[in-house]
There are 2 protein chains.
Amino acid sequence: MDGMPVSDLSSAAQDYLKLIWSATEWSATPVTVGVMAERLGVRPSTVSDGIKKLARQGLVAHAPYGSIELTDEGREHAVAMVRRHRLLETFLVDVLGYGWDEVHDEAEVLEHAVSDKLIGRLDRKLGHPTRDPHGDPIPTPDGKPHLPEGTQLSAAAAGGTVAITRISDADPQMLRYFTQLGLAPDTRLTVREHRPYADVTTIRLHGPDRDIDLGASASDAIWVVAV
Amino acid sequence: MDGMPVSDLSSAAQDYLKLIWSATEWSATPVTVGVMAERLGVRPSTVSDGIKKLARQGLVAHAPYGSIELTDEGREHAVAMVRRHRLLETFLVDVLGYGWDEVHDEAEVLEHAVSDKLIGRLDRKLGHPTRDPHGDPIPTPDGKPHLPEGTQLSAAAAGGTVAITRISDADPQMLRYFTQLGLAPDTRLTVREHRPYADVTTIRLHGPDRDIDLGASASDAIWVVAV
DNA sequence: GGCAAATGTTAGGCTTAACGAACAATAATG
DNA sequence: CATTATTGTTCGTTAAGCCTAACATTTGCC
Ligand SMILES: [Mn+2]
Ligand SMILES: [Mn+2]
Ligand SMILES: [Mn+2]
Ligand SMILES: [Mn+2]
């Protein structure tokens, strides 16, 4: 009933499934061919073909011109790939001393080359971590994602004191900027105000007690919980 | 003068170059299309085509029906790949606790996915090792292989006391057999006799003081130096 | 509701790496 | 040394993944 191991899929197929799963992890916007092409850096026609093949293999559900969803089997593979990716990122930071802004691209390639055995050993070596360096939850081997919580900073109530749970790892450039500002998972801060039409959120960093203005892309990339 | 980085070559090209280099590391037999096809598990026609392309790129010297040799540039890439492979094997054993018979296939895939940065970090983490788990020398970053020494056990003078320097990692099955017998790099033993037409070499293992008979394939896979 | 813009699909090509079949060259053997 | 066996090359084909260009569908706007 659970089909082939995830290692039997091509790198492209593995990335497609992982992307579909990840795209719906933190938001409910439907996954479209355009979104996927954009994020994968390929043309829409390439994705359209690729999805058609995944649909034929029963890994995604997709009617022409419709949005794309994972089947149960597709989701299993997707979660396995997310687990690989996040464990590898954790390894690169914890064991090899990479910066958190340097790990994404390396993991993006490695995730296709490692065996399940290696991932198991890595997990043990790292002490079964539950969060990657960006605060993203690491799914367990049987596919249960540790439930994420929190809201985007852009949507957090003004006046509240919060802690950062995760920061989207999509843009390494932005991660370097956050490092400079002193923003990372577990950082505490107070949301001072949202200025709606300027799309600016002002926060006060605890500790150094500095005020920082963040634009929309930045405050969308940061997820927080009340403390 | 040193052309593209080794990461720009396809996995197939990387494996071809590494194989050519490795084949001449411990013996002087010329590298032929047939030998390569055999070891890579592909058909001769595939190798013939592949070598032609590498020759066009100036990485190997090859006249039709002749044997295959690396150019200086080809050798640089080959050594870089051998370094990757052996550092990865060392990592798998030293850090992740793999057995020495389990690492070869995993490294064979990983070597194509790691960046130069990762290899550098790994080397530092491992304390700049000079030998891989099979006793094979790990080339330095600038391509100088630590010079190998020793002879095949099948060619070692009877009566001599020797230490194992390396054991060919080509056959994991054989490695497991050696583990059972207590044979590994640095094991000391005495060569008792060679029985030529039976192709059997008898050795006495120091410590346990056991006598062992080895066939030709086994005594060709083990390299020793006098101690 | 109709039309233009945005989005998605299809068709046709390219490249890489594999294969088998047919052929060419070299090596081994009587 | 002639013939056969072995080894290597060429060529046509296939399957992935990508591309562009042409076409189809859906969406959003007047
Ligand atoms: Mn990837
Ligand atoms: Mn991450
Ligand atoms: Mn390899
Ligand atoms: Mn080895």
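Numbered from 1 within each chain, the chains take letters A, B, ... in sequence-line order. Below, each value reflects all heavy atoms present in this structure, side chains not excepted, and no hydrogens, waters or symmetry copies.
- For B:T32 and D:dT7, a side-chain-to-base donor-acceptor distance below 3.5 Å is absent, hydrogens and geometry of angles not being considered.
- For the 3.5 Å distance criterion, the side chains of B:H62 and B:E69 fail to qualify, holding no donor opposite an acceptor.
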- Carefully, step by step, assess B:W26 and B:R166 under the rule side-chain contact (heavy atoms from CB on, under 4.5 Å). CA-CA 10 Å; B:W26 300 93; B:R166 82 170 281 254; 2.5 Å; yes
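- Distance from the side chain of A:Y65 is smallest to D:dT26 among C:dC19, D:dT26, C:dA24.
- In this structure, the side chains of A:K53 and A:D49 stay at 4.5 Å or more apart for every pair of heavy atoms.
- Listed pair A:K52 / C:dG8 fails the phosphate criterion, with no side-chain N or O lying under 4.0 Å from OP1 or OP2.
- Residue A:S48 has a polar side-chain atom (N or O) positioned under 4.0 Å from OP1 or OP2 of C:dT9.
- For the side chain to side chain contact (heavy atoms under 4.5 Å, CB included) with A:M36, the lone residue among A:I20, A:V42, A:T46 that qualifies is A:I20.
- Between the side chain of B:S45 and the base of C:dG20, a donor-acceptor pair under 3.5 Å is found.
- Both the sub-6.0 Å distance and the 45° axial angle are not jointly satisfied by B:R176 relative to the ring of B:W100.
- Contacts between residues 10-19 of chain B and DNA chain D, counted as heavy-atom distances below 4.0 Å, involve no residue at all.
- Per the geometry, CG belonging to B:D49 stands 10 Å off P belonging to D:dC11, to the nearest Å.
- DNA chain D is contacted by B:H62, B:P64 of residues 53-64 of chain B, taking any non-hydrogen atom closer than 4.0 Å.
- Here C:dG8 presents its C1' atom at 13 Å from CE of A:M36, a figure rounded to the nearest Å.
- Between C:dA18 and B:R43, no contact under 4.0 Å exists linking OP1 or OP2 to a side-chain N or O.
- In the model, A:R84 has a side-chain atom that pairs as donor or acceptor with a side-chain atom of A:S7 under 3.5 Å.
- The backbone N or O of A:W223 lies less than 3.5 Å from a partner atom in the side chain of A:T165, making a donor-acceptor pair.
- If you measure from atom NE2 of A:H112 to atom P of D:dA16, you get 18 Å, rounded to the nearest angstrom.
- Atom-to-atom, CD1 of B:I51 to P of D:dT7 comes out at 17 Å; the value is rounded to the nearest Å.
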- Show the numbers, then the answer: is there a ring pair (Phe, Tyr, Trp, His ring centres under 6.0 Å) between A:H104 and A:H85? CA-CA 8 Å; A:H104 185 80; A:H85 185 94; 4.7 Å; yes
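- Shown here are the ring-ring contact (aromatic ring centres under 6.0 Å, His included) partners of B:F91, two or more places apart in sequence or in another chain: A:F91.
- Of the candidate nucleotides C:dG8, D:dC18, C:dT26, C:dG8 has the atom nearest to the side chain of A:V33.
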